[in-house]
2 protein chains.
Amino acid sequence: MIPAQSTQKSFDVLRALAAHGAAGASLADIAHAVALPKPTVHRLLAAMVQQGFALRSATGRRYQLGPEIYALALKSQSTVGLVETWRGALMRVAERTGDSAFLMVRSGYDAVCLATQEGVVRVRTLTGGTGGRVPLGIGPGSLAILASMTEDESDTILAHNDRRLRMLVPDLPASLPSWVERIRIDGFAQSGGLFLAEVGGVAVPVPRHLGAPECAISTATLASRLDEDRVAEVVAILKEEIAAVLGRAVG
Amino acid sequence: MIPAQSTQKSFDVLRALAAHGAAGASLADIAHAVALPKPTVHRLLAAMVQQGFALRSATGRRYQLGPEIYALALKSQSTVGLVETWRGALMRVAERTGDSAFLMVRSGYDAVCLATQEGVVRVRTLTGGTGGRVPLGIGPGSLAILASMTEDESDTILAHNDRRLRMLVPDLPASLPSWVERIRIDGFAQSGGLFLAEVGGVAVPVPRHLGAPECAISTATLASRLDEDRVAEVVAILKEEIAAVLGRAVG
DNA sequence: AATTCCATTCCGTTATGTGGAACGATGGAC
DNA sequence: GTCCATCGTTCCACATAACGGAATGGAATT
């Protein structure tokens, strides 16, 4: 494994802070979320507060993300650029399909939602909106991202995520890798209704280009709206809009 | 000092990544910026790339901030809320004064600029725009933030930043603490033209409220536009707009 | 082809983080 | 007002995990 294990702990704490809402989280909450003893988390949080990565409430019993994260994000030109690049496509997809559209990007072993465009039809999604995350391996956007990598890469990630995925979805299909392979061939991913039965979605991977991370454009809508013909229709729209942004055909 | 020293190193690396532009930074660049040996930085970056906090170019020789930071920022409700809260005030300040207006917030030992509203007059500022940072102790916004803390706190921070401040401004006034004390009494801070001679600015601290971090609203303009009367005028406008947002008088 | 700069791996050393246990603070119930 | 449960904080002996100098491998530049 890659070294710098103590670093991981801080990162896990950051994500745990993000996962809790505006109300913030107590030390015990976070310790539980990251499965580390309280003294360890206490030490990490103290350092993070000092550096502006975390914020303590006046009472001192609640923590939340600090302004440093936001300030760094403002300087993350490549990601800001990515969002700007695709916002127009999301708007057109939402307009043309009537469903909600999402920009999903790989971040470590997760897919995160960086931008959303609500359509006429609004549903509760796996990620729960902007900034939400899903382990790579579940959800159309997430699967499309896996399909945009080499088989080696996606297999490694799926192996790494196995535990987490099974925790979320007990009856996980036996062979995700072959499912991903199928997506590579088809050129799109479709929600299997595994997680939220009423909700369905479609995603098309964005072809790798100039140092940008792996990403995909996806939609979410009511499962009942997604018969076979409609899937083909939505996929075509996604491919058109991606092609329009990249200036070349997507296939 | 607070423990978790290895955590600090990752944070320093993140800031170094942010400081470099869209072009990214090489391993050697970063190692130099954070004053750590290459193998150490290499290890940290490997972990950060794996977690999505950093991004490697296709060639593998350039690093930049990854999407994880942006995703976390989207979930930093308190900071997002802060920016939303003050954006209107910035617009009105820029409108009424004709100068540029800034929301400055404390983040660790720095003041960071979270939002900007350009006025008719545009100048180069200390922070260099949204996401920019300055050590607490220099610049009107930064000084106003110090003035909004207890004397103990501001003195501790000034002592901590002494080295960095002297590096930026060789002829730093002997007693910053008493200058800050003065700002507490006056209720506003004014740029001393220490850094950029042609540029001047004014800042008013936002009174501490409901768990929000220390912050201030500041303006920047041509030094020539800032005679004594004008300073009083701009300060009055800042106080009015802050009061309007907080729903109570400032002063 | 030679040179320089940069990234990467190795590995013995030790500084660093670790976390159980004990303590102290806080707030809610009665 | 007292008791109790929960949470946050400090301490410290211990072992792990990070460290970084030196050597190696690659890539770009002359």
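Here the structure is a predicted model, which means the values were calculated and not measured. No hydrogens, no waters, no symmetry mates; every other heavy atom, side chains included, goes into these values. Chain identifiers are assigned alphabetically (A, B, ...) following the order of the sequence lines, protein sequences preceding nucleic acid strands; residue numbering begins at 1 within each chain.
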Under 4.0 angstrom between A:Arg43 side-chain N/O and C:dT18 OP1 or OP2
yes
For A:Ser6, answer base if it contacts any base atom (sugar-phosphate contacts may also be present), sugar-phosphate if it contacts only those atoms, and nothing otherwise; contact means non-hydrogen atoms under 4.0 Å.
sugar-phosphate
Over all strands shown, is A:Arg62 touching base, sugar-phosphate only, or nothing at heavy-atom distances under 4.0 angstrom?
nothing
Please report the distance, rounded to the nearest Å, between CD in A:Gln5 and C1' in D:dA18.
9 Å
State plainly whether the residues A:Arg61 and A:Asp29 are in salt-bridge range, i.e. N to O under 4.0 Å.
no
For DNA chain C, please output the secondary structure as dot-bracket, reading 5' to 3'. Pairs are Watson-Crick or G-U wobble, both atom distances under 3.5 Å; mark crossing pairs with [ ], other-strand partners with |, unpaired with a dot.
||||||||||||||||||||||||||||||
Does the distance from a Lys or Arg side-chain N to an Asp or Glu carboxylate O, for A:Arg15 and A:Asp12, drop under 4.0 Å?
yes
B:Leu44 atom CG is separated from C:dA7 atom C1', nearest whole Å, by 15 Å
Nearest-nucleotide 5' precedence on DNA chain D, A:Arg61 against B:Thr40:
A:Arg61
Tell me whether the count of non-hydrogen atoms from other residues, nucleotides or ligands lying under 6.0 Å of CZ in A:Arg124 goes above 12.
no
Give a yes-or-no answer on whether the side chains of B:Ser154 and B:Arg184 include a donor-acceptor pair shorter than 3.5 Å.
yes
Rounded to the nearest angstrom, tell me the gap between atom CG in A:Leu45 and atom P in C:dT18.
12 Å
Taking for B:Lys38 and for A:Pro39 the nucleotide of DNA chain C with the nearest heavy atom, the one nearer the 5' end belongs to B:Lys38
Taking 4.0 Å as the cut-off, does a side-chain nitrogen or oxygen of B:His42 come that near to OP1 or OP2 on C:dT8?
yes
Nearest atoms (heavy-atom pairs only) where B:Gly187 meets B:Val204:
O-CG1, 3.8 Å
Can a side chain N or O of A:Arg56 be found less than 4.0 Å away from OP1 or OP2 on D:dG8?
no
d(CD, B:Gln8; P, D:dA18) in whole Å:
16 Å
Within a 6.0 Å radius of atom CZ on A:Arg182, are there more than 12 heavy atoms belonging to other residues, nucleotides or ligands?
no
With rounding to the nearest 0.5 angstrom, report the OG1 to NZ distance, A:Thr7 to B:Lys9.
9.0 Å
Test side chain to side chain contact (heavy atoms under 4.5 Å, CB included) applied to A:Arg56 - qualifying residues, sequence neighbours left out:
A:Val49, A:Tyr63
Note: contacts of residues 19-36 of chain B with DNA chain D (heavy atom, under 4.0 Å) are none
Return the value, rounded to whole Å, for the distance between atom NZ of A:Lys9 and atom P of C:dG17.
10 Å
Which part of the nucleic acid does B:Pro37 contact within heavy-atom distance under 4.0 Å: base, sugar-phosphate only, or nothing?
sugar-phosphate
B:Gln51 and A:Gln8: side chain donor to acceptor below 3.5 Å
yes
